[in-house]
Amino acid sequence: MVNNIVEVSNVVKTFGDVRAVDGLSFVVKPGEIFGLLGPNGAGKTTTVKLILGLLELDAGDITVFDLLPSTDEMAIKQRIGYVSEEPLIYKSMTPKELFDFTSSIRRLNPEDTTAKLQRYLESLEAEQYYDKLIATLSRGNKQKMQVIAALLHEPKLLIMDEPLTGLDAKSAKVVKEILELHAENGGSVIFSTHILEVAEDVCDRICIINEGKAVATGTMDELSKLADKAGADLEEIFLKLTQQDESVNRIISNLRKLTNNGGNR
Amino acid sequence: MTEAEYSNKELYKISKRVFTESIFHSQQQAAGSNKAKFLERVGKKRESIGTQSIIMKILVAFYIVVFTAMPVLSFLQINIVSGIPLVEETWNLFVGGFSVSGYLLLQPIILVLFSITFTWGFLSKEPYTWISTLPYSRKDVSKISFFTFLRGIDVQMIVLFLALPIGTIIGINLPKGMGIGLAENFLMIGVCLIVNIANTVFNLSLTILLGRKMAKVMEDQEENNRMANFIRIGSMLIYLIFTMLASFAIQMAITKLPLLYDPANQFISTQSADIVNKVLSFIPFPFAGGYLLTSIVIGVTKVPLLVVIGSTVGTVLQIGLAILVFRKALQTLQDITLIESKTKKSRTRKKTTPIEVRVFKPTRAYMKRDLALITRELQMITYMLMPIMIPITTALAYALDMYLGKTGIPAMVLYIMSFAIFSTFFIIIGITSIETGGETITSSLPINIRDQIKAKMPFLFSTVPLMVLVAILLQFKQAHFMDVLLMTVVQLPAIFIIGMSGLFLKILLFGKFKYKYVIEEVKTKYKEIKIISILVIMLALAVGFIFTMMVGWWLALVLEGICLILLLIIFNVMFPKKSDNWMTT
C-alpha cells in the first residue's frame, strides 16, 4: 500500500557553487494536484528532474511510489508522464509517429490507445496536425502533442513543468480539466509553475519554493494563515511568504519615479 | 520492468529514430538563418532529412576507395620493379611506407572533413534529453547513443575496414597472376587487418571527440560572453582552416603521387631515404603501420632490421593509442546522455554582466548585427570565408610549385580573377541571406534601407579584394611579379563594380522572398530601367576593359571610375538619402 506517491526529504542539489535545491521537503499524496510554485530560477525544474531521476541527489532522499529514482528509474518512468517546459519531443517526427513511438516503448494496447488518442486530439483541437512535421508546428501545438504523449499510458503520476506555456485559453482550460479528471480518478499531479493564478486555480496544495528552499507548503487556506493574510489571493500570500512584498513596493516606487521624470522620448 | 528487458537489437532499432532526429537537429543548426526555408522543405519532403547523410556517407566512401589507390599502386610498383637492379629496396620501402602512411593519414582527414558537419548532430545532448525521460535506463540510453553513432558511420566504417585489405590483395597478387603463396597472403592480410583495425578505431574515435567538440560549440550558442564568442568563432575558423588544409593535402596527394611512383624520379638520395625510413617507422601514427605492411610486402629479410623492429613497436604503440582514444570516445558518448553536465555548466557561470546601452550610428549597428550573425553560424561563416580560402589555397599550391602542368602566372591570375567574381556573388548570397531568417527580428523596427545596404558594403569590398591581393602576393617569387601586381590593382575597382552590380541586381530581382521580406529598394518605380542600366554598365565594363587595357591601364581606371559613378547614381535612386526612406515592413 503506497501512502504517498512522492516523498522528498531534505534534498540538496548543487551546481558548482550554486545551491539549486537546498534542503527541500514535501510529499505528494494520491489523487492530489500538487503545485511547485516559485519565481524563475527557484529550483522547480531541478526538483522535477531529481524526481524523474535525470539528476543525482547530493543529499537527502526522494522516493516515488516507494521506489528510489537512482536505482528504480525504469519502474518509476513507466508510471510517470512528463511534460517539460520546452517541448523535448522529437521535432523530426510527425505526431502520428510520436504517438506510435511512445506507445510502442510503453507497450500499450493499440485499440485502447487509439481511442484515447482520438479523444485527446479532438479535445485539444489538434487532429489537423496529426501528420505534420512537429518542427513545423507552433509552440502551443507542440505542447499539446507533448501533453497527449504524456497521458496516453494513463500514468499514476503526471509531472508537468509549466505545461500551459504557449497554449491558447481554450486549450489551457482543457488541459486543466484533464488534470482535474486525472486527480479525480486517483492519479497525482506535480504541477510546476511560476504563474500564480494557474497554481491557485488548479492545485490542491502548493509548495512555495524560493532559492531552492521550501518557504511554505499547504492548501490556499493554510498558506493564507501562514502569511497572516486571510482572504488574500495567492499573489499577496506568495510575496509575503517569500518576503518580497517590501522589495516589490520599492521597485514599483522606483519605476514610478523613473516614468514621472520622463523618458528620452 | 527490468533493465534487461530491452535487447541490443531493440535498442539498435530505436536508435534509428534518434539518428533521424540527430540529423534533423544538425541540419536545422546548419541552416542557420535559413531555418524557415529548411523547415518548409522538410515539411513537404521528409525524406530529404536523410539525404544529406547518405550523400556524405557515399562521398567519404568514395574518397577512401579512391585513395586506396595509394597503397595498391605502391604494392604494384614494388612487385613490378623488384628485380630491376637499378631500383634498390630502400627506395621501394620509402615509396611503399610513405604512400601507405599517407593513405592512413588521409583517412581521418577525409572522415573529419566530410562527416563532422553532420556528426555533431548525434554528438549533441539534444536528441537524448527526451529519450532519457522515457522508460529507458541510463545504460540503455548510453547504448542508444553508441548505436546512433554507429548508424552515422556504418558505411564509412565498412569501407575503412575493407578497403586496405582488399587493396593489399590486389596490389600484391595482380603482377604475379595470383601466383603468390597462400601462407604469404594470409600473413599480409593478417598484418593488414591489425594495422587497419587499429587505424579505423583510432580514426572513428577521433571523429567522435572532434564531433563532440563541435557539438559543444553549437550547444553553447546561448552563452554570449566574450570568451564564449571567442571559442565559438575560433572553433569555426579552425574547422574552416582545417578544411582548407585538408583540400590542400588531398590536392597535393593527387598531384605529387605520380612522382613518387616514378623510379627515375628519386627526389631524395638513397642514403637519405634510408634514414627517413628508419626514423618514420618508429612513429606510431600513421607511419609504423605503413612501414610494417610495406616491409612484409617487400619481405622482412630484405629490409633493415631496425625498420622491422621500429614498425612493429610503433604498431603496438598505435594499438595502445587507439585503445586509449577509443575509451575516451566511449566516455564521451556516455557523457552525451547525461543531462547533469549541461545543467552544471549553465548554472556555474553565473556572472553579472554590466548593463549598458550603447547607441551607434544605424549603419554601424547593422554592421555589428551582421557580424554577430555571421560569426554565430557555421553556414554564414562558410559563406563568407570559403570563397576566399579556396583561391588562396590554390594560389599557395601554385606558389609552392605543386602543379604538374605549368600553366604560367597569367593563367593563375585569370583563375584568381574569375574566382573573385564567383566569390563576390557567393558573399552577396551570404550577406543578404542574413536578412531572411527569423532571428533577425527587424521587421518591427523602422528600417532605413540605405543604412542597411551601406552596412553590407564593407563585407563585400574588403573580403574579395583581400583574397585577390593575398593570392597574388603569394606569387612574389614568380617572374614579372610587379607587372602582375599592377594589373591586379587596376582590376580591383572592376571587382567593386561587379560586387555592387550583383548586390543591386539581387535586391531588384530577389528583394522580396517567398519566405520573408527582406531587402527591397525604397523607390520601386522604373525597376526594368534600373536592371537594364546595371546590365549595360557590366557589359560596358567587360568589353571596355579589354579595349582600354590595350591602350593603357590608366584608361581602364577611367572607365572603372565612370562605371562606379553611374552605379552610385543608381544606388541613390534606389535608396534615396531623404527622410522618406524610413519604412516599416
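- When heavy atoms are compared at a cutoff of 4.5 Å, A:L133 approaches chain B solely by way of its side chain, counted from C-beta outward.
- In this structure, OH on A:Y90 lies 8.0 Å from OG1 on B:T129, to the nearest 0.5 angstrom.
- Interface check for chain B: of the options A:G81, A:G53, A:S84, A:S92, the most heavy-atom pairs under 4.5 Å are formed by A:S92.
- Across B:Y6 and A:R107, no two heavy atoms sit closer than the pair CE2-NH2, 3.3 Å.
- If you measure heavy-atom distances from A:Y82 to chain B, the contacts under 4.5 Å come from the side chain alone.
- Among B:T20, B:V42, B:L134, the residue making the largest number of heavy-atom pairs under 4.5 Å with chain A is B:L134.
- Side-chain contact between B:F24 and A:I134: absent, with no pair of heavy atoms (C-beta onward) separated by less than 4.5 Å.
- Taking A:Q146, A:E97, A:K77 one by one and counting their heavy-atom pairs under 4.5 Å with chain B, the maximum is reached by A:K77.
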Step by step, would you call A:K132 with B:E40 a salt bridge (Lys or Arg N to Asp or Glu O under 4.0 Å)?
CA-CA 11 Å; A:K132 296 267 189 297; B:E40 189 169 322; over 6 Å; no
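- When all heavy atoms of B:L39 and A:T136 are compared, the closest pair comes out as O-CG2, 3.6 Å.
- A:K91 has its side chain out of reach of B:H25: every pair of non-hydrogen atoms, C-beta onward, lies at least 4.5 Å apart.
- Salt-bridge check for B:R138 with A:E56: passed, with a basic side-chain N closer than 4.0 Å to an acidic carboxylate O.
- Between B:E21 and A:M93, the closest side-chain pair of non-hydrogen atoms is not below 4.5 Å.
- Only the side chain of B:I49 comes within contact range of chain A, with heavy atoms under 4.5 Å apart.
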